[in-house]
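Here is the naming used below: chain letters follow the sequence lines, and residue numbers restart at 1 for every chain. These numbers were taken from a predicted model, which means no experiment stands behind them.
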2 protein chains.
Amino acid sequence: MSVEKKIIAKQLMESYFQSQVGGNMMQNRSIYNQKPGEIMVLYFISTNVKDDSPGLKVSEISGKLNVTPPTVTQHINSLEAQALVERHADPADRRVVRILLSDKGKKYIQRINEARLNMFVGLVKHLGEEESLLFAEMMRKASDYMLTQQEFYIRNFIVDETDEK
Amino acid sequence: MSVEKKIIAKQLMESYFQSQVGGNMMQNRSIYNQKPGEIMVLYFISTNVKDDSPGLKVSEISGKLNVTPPTVTQHINSLEAQALVERHADPADRRVVRILLSDKGKKYIQRINEARLNMFVGLVKHLGEEESLLFAEMMRKASDYMLTQQEFYIRNFIVDETDEK
DNA sequence: CACATATACTTTGGTTGCTTATTTAATTAG
DNA sequence: CTAATTAAATAAGCAACCAAAGTATATGTG
């Protein structure tokens, strides 16, 4: 394996972990007075539900947010109690629950999205427009890659372990 | 404000949040049979302690990992119980605790680092060498920027809130 | 049709990782 | 020598997750 690639990989790894630890800024409860996980759910619904849609299934949300269905149910429970989302039974399959933003929920997440977008506009100015687009693309590529490699990575590590004398 | 920048910012924001939710792959307990937070501490020590160093202070670790000192204390407690790290009193200031990896801890984290590095070498191949370097640089720039903007962002959002009629 | 199996979600109980507030011990300033 | 400060540890508690078990609905097979 190329030494060059290994050196680059090391740099990439360090930047990656460094940005992981510092990077949870916009997920601070004290800012929104709302739990970060719940905001993530609201955000995801707001970017994935069209106005005429019947709403998202719990399983769709959990799949895309990479968490288990119980976790989503709990977020939805809390958000529903605050009247930020609505649950509707799916007429075609009554096991399915369709989740929609309420008007209150729409306004709420819109305000957060605007504040966040302002921050990202600042970041675009800081990085440059072309570099920002490139950065966005690389984040997508990298997280897709990591998702595909996950299983392989685990298997490799475990084999490694059983090798141990 | 430029519409162009806003569109780019939106793309950047979407990629950013998408990579946040998918991206915690290498932090999976089941892989290492060890808590992710503790691995992060081991990793940080391994990359920041030279062989002749007296070890890191709790406050140094907590500062760089962006957590409070009690959090670090708890991780160190668990790691010490597993004999992966050692606590040493600092002779110059006996309030200070110096944290060092044990031999077992060194071997342990080295094995994890190798597996992780392999994954990142794969990522470098996937993205390309030049792009990987650029990506690493942009991650650094972006997380630095977000850290500096954090306070401003919070203030802005709260002002916004009090404006609400 | 009936019943076994599968699916979609919810409930329950527990773990991890973090926080704030407080305490203990050691150092430094007046 | 005392008062204030600093470093770390302890205590109590919350948020976000998961696995396992439970409930209700749907589907496939004889």
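One can place CE of B:M40 at 12 Å from P of C:dG17, the figure rounded to the nearest angstrom. Going from atom CG of A:N66 over to atom C1' of D:dA16 covers 14 Å, rounded to whole Å. When rounded to the nearest whole Å, the span between CG of A:L56 and P of C:dC9 equals 11 Å. Atom-to-atom, NZ of B:K35 to P of C:dC18 comes out at 12 Å; the value is rounded to the nearest Å. In this structure, CD of B:E60 is placed 8 Å from P of D:dA8, rounded to the nearest angstrom. B:D93 places its CG atom 17 Å from the P atom of D:dT5, with the value rounded to the nearest Å. Per the geometry, NZ belonging to A:K57 stands 17 Å off P belonging to D:dT25, to the nearest Å. Residue B:R87 contributes atom CZ, which lies 10 Å from atom P of D:dA8 at whole-angstrom precision.
In this structure, B:N77 reaches the D:dT10 phosphate: one of its side-chain N or O atoms is under 4.0 Å from OP1 or OP2. In this structure, A:T68 does not reach the D:dC17 phosphate: none of its side-chain N or O atoms is under 4.0 Å from OP1 or OP2. Between B:S59 and the phosphate of D:dT6, there is no side-chain N or O to OP1/OP2 separation shorter than 4.0 Å. A close approach under 4.0 Å does occur between a side-chain nitrogen or oxygen of B:H75 and OP1 or OP2 of C:dC18. Considering only side-chain N and O atoms, B:T73 lies nowhere under 4.0 angstrom from the phosphate OP1 or OP2 of D:dA8.
Mapping B:T71 and A:R95 onto DNA chain C by nearest heavy atom places A:R95 at the nucleotide closer to the 5' end. Place A:E38 and A:D90 on DNA chain D by their nearest nucleotides, and A:E38 ends up nearer the 5' end. Taking the nucleotide of DNA chain C with the nearest heavy atom to each of A:P69 and B:P70, the more 5' of the two is matched to A:P69.
Judged purely by distance below 3.5 Å, without hydrogens or angles, the side chains of A:S78 and A:Q82 pair a donor atom with an acceptor atom. Looking at A:S59 and A:S62, their side chains never bring a donor and an acceptor atom within 3.5 Å of each other.
Of the charged side-chain nitrogens involved, none lies within less than 4.0 Å of a carboxylate oxygen, so that A:K50 and A:D52 do not count as a salt-bridged pair.
Side-chain contact between A:M139 and B:Y16 is present, with at least one heavy-atom pair separated by less than 4.5 Å.
The listed nucleotides are D:dA8, C:dA8, D:dA15; the one nearest the side chain of A:P36 is D:dA15. Closest to the A:Q74 side chain, of the nucleotides C:dT19, D:dC18, D:dA7, is D:dC18.
Nearest heavy atom pair, residue B:K5 against residue A:V121, reads O-CG2, 4.4 Å.
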